[in-house]
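All remarks here apply to the structure that follows.
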Protein chains: 2
Amino acid sequence: MTKTSITLPDIAAAAGVSKSTVSLALQDSPKIKPETKRKVLKAAKQLGYVYNRAAANLRRRSSEIIGMVINDLTNPFFAELAVALERSFTDSGYVVMMANTSEDMQQQEKVVRTFAEHSAAGIVICPVFGTSYEQLTSHTMKGLPIVSVMRPIEGNACDFISPDNIAGSQAVTAHLLVQGFTRLAFLGGIDNTPVYESRLAGFKAAVSKAGIAMETCEILPCPPTREAAAKLIIERAKQGPLPEAIVCYSDVIAFGVTFGLDRSGFKAGKDVAVTGFDDIQGCNVFSPSLTSVHIYTDQLAKLAAESLISRLKDPERPISNQTVMPKVMVRESSILNK
Amino acid sequence: MTKTSITLPDIAAAAGVSKSTVSLALQDSPKIKPETKRKVLKAAKQLGYVYNRAAANLRRRSSEIIGMVINDLTNPFFAELAVALERSFTDSGYVVMMANTSEDMQQQEKVVRTFAEHSAAGIVICPVFGTSYEQLTSHTMKGLPIVSVMRPIEGNACDFISPDNIAGSQAVTAHLLVQGFTRLAFLGGIDNTPVYESRLAGFKAAVSKAGIAMETCEILPCPPTREAAAKLIIERAKQGPLPEAIVCYSDVIAFGVTFGLDRSGFKAGKDVAVTGFDDIQGCNVFSPSLTSVHIYTDQLAKLAAESLISRLKDPERPISNQTVMPKVMVRESSILNK
DNA sequence: CTGAAAGCGCTAACAC
DNA sequence: GTGTTAGCGCTTTCAG
């Protein structure tokens, strides 16, 4: 809380006008004479006035606060997404309060409630898997507009923006198949989560379209961290010949796999083809550079902001699901160079 | 803004008590009979009441909001720090509004002002280099408590928490020197910034203590990104024999250097010893695993929260600078294994 | 222990 | 164009 008790009346007194004139002037209302405005602005600046938005919001019964809830900021992909989202909203004049949930449902419920208590106009969220609108709003913040990004909220009750995971996964798998690999693996991601299921579905679709039996392929889920992926592939390497190509659930997984392969005496892009998903910044500055699926994070963020802002303006608009078509970025890791 | 117009009077009516009794009950005041409290809580829950903190703060003339301002969330080190900071503050019952500045001074001034307008109780910031308290508070938010982390605010006007960069850098350089390297380089970081100067000073101190002439060493600053570091070392590699060991300004730089060396036909940890700084999560899941300087991010975050909270309680307390002693984590990248 | 009344800083009709 | 007046939802003396 700023100590300053400089308020509208103070400015009014200094400028020799009334409280409401000051209010109008500060909002740059056309009802106020330019000269008066100048006088008011000058007095405000002189006195070191700090606008009190909470008071204004209270009176106006609306706010420009957007609550942003991110599942895991230490995951570089979500950090990139968070930054893009923040920019999209601030570009539209909103201010975003941001919170990290560390994939913790309790924490998530808590921060959403806190945002609601601070009169957030709406929420943009990468929800913890398994989140439903009901629990998110605790039956008590009904009508709080929410848009989810990347991961859907159960029950289809919220606007949702995501990449076309199936198409992206299918395309990157096809890119591998074209090279003649027949023993593939899909590695990483958490079983029974929507993103995992979609990316896996794309993988399977490509494989079966290529006329390859799924039995020759391996499916190895694991938590979305470098450590987990590394551990998994190291164990796997001990158990016999590796697949020729590994489609990873995400770039983070792919980095872990690359590391694990190295520890097991194999090289990604040489002994085994590896692909990622998300196309985060690091992909290009990594040896081997990582083939990945670019999902247009900035575009996702832009759509999320547009979607939420539209809903704020028209709460009755039908719920919308928007999908962005990704693009395969071929780099070294997927082209074997023996 | 939550649509709900459920307010204290509504609950009061439902529970058959007065507005103020409800307020007290909600705050769990000892002045209210347990039975009454139960009645009130029940009514509140039934009606789907959402506490309005903005209104409460307005009346109480204080708030539990902390504004967190981070220079670059896409840098994994700062993302880790941000998460740690957020946790420290929320653990103490504060709610943090977070904003990313992308190292943009204008953006930084804007978000600090916005936080002030939202009645933030204080600010925790990783400032853009060159930030002064004066400009941050625009001469108008005087007295807004600010604690800076990692990077100092000019003029020593704010509490400041940081690792002992000199000691950390000196220690990791010494670790290299002990192995007998004589041609070292200090790579990365932005010239004339305090963190750079400190880390470079530690490097120089170790070198001169080892009786080595600084002339045999190279100093190659560059922006703190993987890309910039990679580009720099690739250029450098073309110009003649590389140093035997490279002390990097940060882990991000070290990752870039490792990549660039690889592109130039050299291996970190084999042809050239490389060390990082910050000890971010990736260090262990990287080939070669990266020797780094662990700076106890959680501890920095904890001190930052304590420091800011103390100041909120006692605005007159003297400004404090706290330093945390880092620790060298020796891994593969710095032990040549030819 | 509970109620009545005042007011935080601001906006928004509605007068003048 | 500008001033008056009445609150937004809450906390907090102060009575009772």
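In this structure, B:K31 reaches the bases: a heavy-atom distance under 4.0 Å links it to at least one base atom across the strands shown.
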Let me have the donor-acceptor pairs involving side chains of residues 313-322 of chain B, under 3.5 Å, with sequence neighbours excluded, atom names and distances please.
from: B:D314; atom 1: OD1; to: B:E316; atom 2: N; distance (Å): 3.0
from: B:D314; atom 1: OD1; to: B:R317; atom 2: N; distance (Å): 3.4

Which donor-acceptor pairs under 3.5 Å do side chains of residues 101-115 of chain A form with protein atoms, sequence neighbours excluded?
from: A:T101; atom 1: OG1; to: A:I70; atom 2: O; distance (Å): 3.3
from: A:T101; atom 1: OG1; to: A:E103; atom 2: N; distance (Å): 3.4
from: A:S102; atom 1: OG; to: A:N100; atom 2: ND2; distance (Å): 3.2
from: A:E103; atom 1: OE1; to: A:R151; atom 2: NH1; distance (Å): 3.0
from: A:E103; atom 1: OE2; to: A:N71; atom 2: ND2; distance (Å): 2.9
from: A:E103; atom 1: OE2; to: A:R151; atom 2: NH1; distance (Å): 3.4
from: A:E103; atom 1: OE2; to: A:R151; atom 2: NH2; distance (Å): 3.0
from: A:D104; atom 1: OD1; to: A:Q106; atom 2: N; distance (Å): 2.8
from: A:D104; atom 1: OD1; to: A:Q107; atom 2: N; distance (Å): 3.1
from: A:Q108; atom 1: OE1; to: A:V128; atom 2: N; distance (Å): 2.9
from: A:Q108; atom 1: NE2; to: A:T131; atom 2: OG1; distance (Å): 2.8
from: A:T114; atom 1: OG1; to: A:K110; atom 2: O; distance (Å): 3.0

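Looking at residues 17-28 of chain A, you'll see A:V17, A:S18, A:K19, A:S20, A:T21 sit with a heavy atom under 4.0 Å from some atom of DNA chain D.
Between B:R38 and B:E35 the shortest side-chain heavy-atom distance falls below 4.5 Å.
Listed by chain and residue number, A:Y133, A:M141, A:K142, A:I146 satisfy the side-chain contact (heavy atoms from CB on, under 4.5 Å) test with A:T137 (two or more places apart in sequence, or in another chain). Every residue was checked against the salt bridge (charged side-chain N to carboxylate O under 4.0 Å, His left out) condition with A:K19, not counting sequence neighbours, and none meets it. Partners of B:K37 according to the salt bridge (charged side-chain N to carboxylate O under 4.0 Å, His left out) rule, which considers only residues two or more places apart in sequence or in another chain, are B:D28.
To the nearest angstrom, P of D:dG9 lies 17 Å from CZ of B:R53. In this structure, B:I6 atom CD1 and D:dC8 atom P are separated by 15 Å, rounded to whole Å.
OP1 or OP2 of D:dT2 lies within a sub-4.0 Å distance of a side-chain N or O belonging to A:T36. Side-chain N/O atoms of B:R60 include one lying less than 4.0 angstrom from OP1 or OP2 on D:dT11.
The side chain of B:Y49 has D:dC10 as its nearest neighbour among D:dG9, D:dC10, C:dC10.
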